[in-house]
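Predicted model, so just to flag it, every value in this text is computed and none were measured. The figures here come from the full heavy-atom set of this structure, side chains too, leaving out hydrogens, waters and symmetry mates. Chain identifiers are assigned alphabetically (A, B, ...) following the order of the sequence lines, protein sequences preceding nucleic acid strands; residue numbering begins at 1 within each chain.
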Number of protein chains: 2
Amino acid sequence: MKHTKKFMQSGEPVYIQIEAELRSEITRGELNPGQLLPSESALMSRFDTSRETVRRSLKELEYKGILYSRPGKGYFVAEPQHDLYSFYFDDSDKDFESEFHSINTVTPQEDVKAALDIYDEKKVIKISRIIMLRGDPVAYDEKYLPYDKGEPLVEAEIKYAVFQDLATIKSPPFAFYTRMEIGSINADNELKKILKCERGESLLIIYRYIIGQDGKKLGYGKKFLTQKWGRLEAISGYTET
Amino acid sequence: MKHTKKFMQSGEPVYIQIEAELRSEITRGELNPGQLLPSESALMSRFDTSRETVRRSLKELEYKGILYSRPGKGYFVAEPQHDLYSFYFDDSDKDFESEFHSINTVTPQEDVKAALDIYDEKKVIKISRIIMLRGDPVAYDEKYLPYDKGEPLVEAEIKYAVFQDLATIKSPPFAFYTRMEIGSINADNELKKILKCERGESLLIIYRYIIGQDGKKLGYGKKFLTQKWGRLEAISGYTET
DNA sequence: GAGTGGTCTAGACCACCTC
DNA sequence: AGGTGGTCTAGACCACTCA
């Protein structure tokens, strides 16, 4: 059988081989953004395979943002998204020691009320902790959750769940997402005390809003990172493999 | 014909309908991370369609990071990546006015040499500009490109290309990517002068390294953002649609 | 060995675009 | 009218997993 032979020869599925071949032409600059690719039927004869197999290759490249298709016209090389960055920000701070600071129900301040869409006198749960590196405080974290009366405040449970990920509480995990804002701020006296840094030292401040798919605000957090914590690292553009 | 009727009824392709149905079960929490989905053949009879159609739906959800599959076992609901964030950082600063500051070839400082993998006495092209909002400076930008002797320094061309995107020069657009580091810093006297801010004011500092797929360093940039510039905004988790 | 997903084929009809 | 991609079908063989 034709395809079996091809498959065995290199150990790679045919559609992966075609994908690699086309991708290489693009990263080498032989095919450039906006350019039209050969049609499916042309690729079928070029690679001596069926239409679905060719389409599988093209679909892969489409998902990766390298191609797009226009019905009736063909496939085109996409513009790379050099302005779209991604980064990991792991709230559990696995690489650090973290020190439990306080947990209690409080009357929220204005920024917290606004962030959680609270308009009445409802209280909120406030959890704060200090993140340490080799004995030095490098970050300080405050999290706020709406406190619905009647819900027992089970400290141990919250401690576990919240420290894994804010708002894993009582929401199916695909039912919410997080919006983050990153800014910088000079340490005030309170932060100076907590983080044992200079007053005025420049800190990264990271705001997070946990939002349900229905728009409901499920959580709010502020995190202050000293320069010892390190820099946030992000990537944009297409990285091979 | 069976499928034509189904397709016409809702105007949506069958595989999109199946995808939506499964996704809804997941966001509603009926199916949870780690759980096994019904097999392909079970879904074939449930939705009265062919295997490839069912597989197309599952593949979509796989690409979106909602499912993963294990040969011989089945499809499982994935863990949502609540720690993976994305954001846009458009270097052209379309929403701002930007003021050309200077462009010339200079002997690089140590950080620039390290960032561009320069070990000899080669010079680099330095481009700097100031970004303004309503007449006020809100950011300051420095970019460095390796300067290969013999290349004419065509100012107009560089100005255009670099201000669109650092390193669009002479590299096919899929041949490189960008690594970014975000930190905070106190304004020194020089930045105070350029940005007309207080000495010690907290700034966001953004380092960028433009890197070829072959690992070659193509460009380096530093950008200082005042608090007037605004906050960086990022998103994580699954957002519907 | 029975069931699962992974790959591949050879058809089909459709909507869209261009001449 | 003829070419393009979009959707869908009904087969096939394979490697993997688990009882």
Side-chain angles (χ1 to χ4, degrees), chain A residues 1-23 26 31 34-78, chain B residues 1-23 26 31 34-78:
Chain A
M1 270 139 215
K2 216 191 313 180
H3 87 265
T4 306
K5 226 171 49 188
K6 274 196 283 185
F7 184 93
M8 298 304 283
Q9 272 171 5
S10 85
E12 291 259 303
V14 176
Y15 80 95
I16 297 282
Q17 299 177 34
I18 299 176
E19 186 198 339
E21 172 61 25
L22 294 175
R23 182 175 47 214
I26 292 167
L31 286 166
Q35 245 182 283
L36 181 64
L37 268 83
S39 71
E40 292 181 351
S41 63
L43 293 171
M44 282 164 68
S45 30
R46 171 166 158 201
F47 293 106
D48 188 28
T49 185
S50 72
R51 187 171 172 216
E52 283 298 336
T53 299
V54 165
R55 282 178 64 75
R56 214 158 303 168
S57 314
L58 296 167
K59 194 84 174 165
E60 291 289 330
L61 293 168
E62 217 180 318
Y63 275 118
K64 291 169 185 164
I66 298 176
L67 298 182
Y68 63 91
S69 64
R70 288 284 168 272
K73 292 180 150 182
Y75 288 83
F76 298 85
V77 180
Chain B
M1 270 140 211
K2 219 192 308 180
H3 86 264
T4 306
K5 227 170 51 186
K6 273 198 281 185
F7 184 92
M8 299 304 284
Q9 273 173 6
S10 84
E12 291 259 304
V14 177
Y15 80 94
I16 297 282
Q17 298 177 35
I18 298 176
E19 187 199 339
E21 172 62 25
L22 294 176
R23 182 174 48 214
I26 292 166
L31 286 167
Q35 245 182 283
L36 181 64
L37 268 82
S39 71
E40 292 180 351
S41 64
L43 293 170
M44 282 165 68
S45 32
R46 170 166 157 202
F47 292 107
D48 188 28
T49 185
S50 73
R51 188 172 169 214
E52 282 299 336
T53 299
V54 165
R55 281 179 64 77
R56 213 156 305 168
S57 314
L58 296 167
K59 193 85 174 163
E60 290 289 329
L61 293 168
E62 216 179 320
Y63 275 119
K64 291 170 185 163
I66 298 177
L67 298 183
Y68 62 90
S69 64
R70 288 284 167 270
K73 292 178 150 184
Y75 289 84
F76 298 85
V77 180

Run the numbers on B:Glu21 and B:Arg46 for salt bridge (Lys or Arg N to Asp or Glu O under 4.0 Å), then give the verdict. CA-CA 12 Å; B:Glu21 172 62 25; B:Arg46 170 166 157 202; 3.7 Å; yes

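If you measure from atom CZ of B:Arg55 to atom P of C:dT4, you get 13 Å, rounded to the nearest angstrom. When the P atom of C:dG5 is taken as reference, atom CG of B:Leu61 falls 14 Å away, rounded to whole Å. Between the CG atom of A:Leu58 and the C1' atom of D:dT7 there is a distance of 16 Å, given to the nearest Å. Atom-to-atom, CZ of B:Phe47 to P of D:dC8 comes out at 13 Å; the value is rounded to the nearest Å. Spacing between atom CZ of A:Arg56 and atom C1' of C:dA10 amounts to 13 Å, rounded to whole angstrom units. Taking atom NZ of B:Lys59 as the reference point, atom C1' of D:dT7 lies 17 Å away to the nearest angstrom. Atom P of nucleotide C:dC8 and atom OH of A:Tyr15 are separated by 7 Å, given to the nearest angstrom. Residue B:Glu12 contributes atom CD, which lies 16 Å from atom C1' of C:dA15 at whole-angstrom precision.
In this structure a side-chain-to-backbone donor-acceptor pair under 3.5 Å is missing from A:Ser69 to A:Gly74.
Picking from C:dT7, D:dT7, C:dT9 the nucleotide with the shortest atom distance to the side chain of A:Pro13 gives C:dT7.
Side-chain polar atoms of A:Glu60 and B:Tyr63 form a donor-acceptor pair below 3.5 angstrom. For the 3.5 Å distance criterion, the side chains of A:Tyr75 and A:Glu40 qualify, holding a donor opposite an acceptor.
A:Leu67 and A:Val77 make their closest contact through CD2-CA, 4.0 Å (heavy atoms, listed as atom of the first residue, atom of the second, distance). Closest approach of B:Leu43 and B:Pro38 over heavy atoms only: CD1-O, 3.8 Å.
Contacts between residues 37-45 of chain B and DNA chain C, defined by a heavy-atom separation under 4.0 Å, are made by B:Ser39, B:Glu40, B:Ser41. Applying a 4.0 Å cut-off to non-hydrogen atoms, the residues of residues 66-77 of chain A that approach DNA chain C are A:Pro71, A:Gly72, A:Lys73, listed by residue number.
Scanning for side-chain contact (heavy atoms from CB on, under 4.5 Å) contacts around A:Phe76 gives A:Leu36, A:Tyr68, A:Arg70, A:Lys73, with sequence neighbours left out.
Here the side chains of A:Lys64 and A:Glu19 are in contact, with some heavy-atom distance below 4.5 Å.
B:Thr53 has a side-chain polar atom (N or O) that falls below the 4.0 Å cut-off from OP1 or OP2 of D:dT9.
Between atom CG of residue A:Leu58 and atom OG1 of residue A:Thr53 there is a gap of 11.0 Å, rounded to the nearest 0.5 Å.
Taking 3.5 Å as the limit, the base of C:dG6 and the side chain of B:Arg51 contain a donor-acceptor pair of atoms between them.
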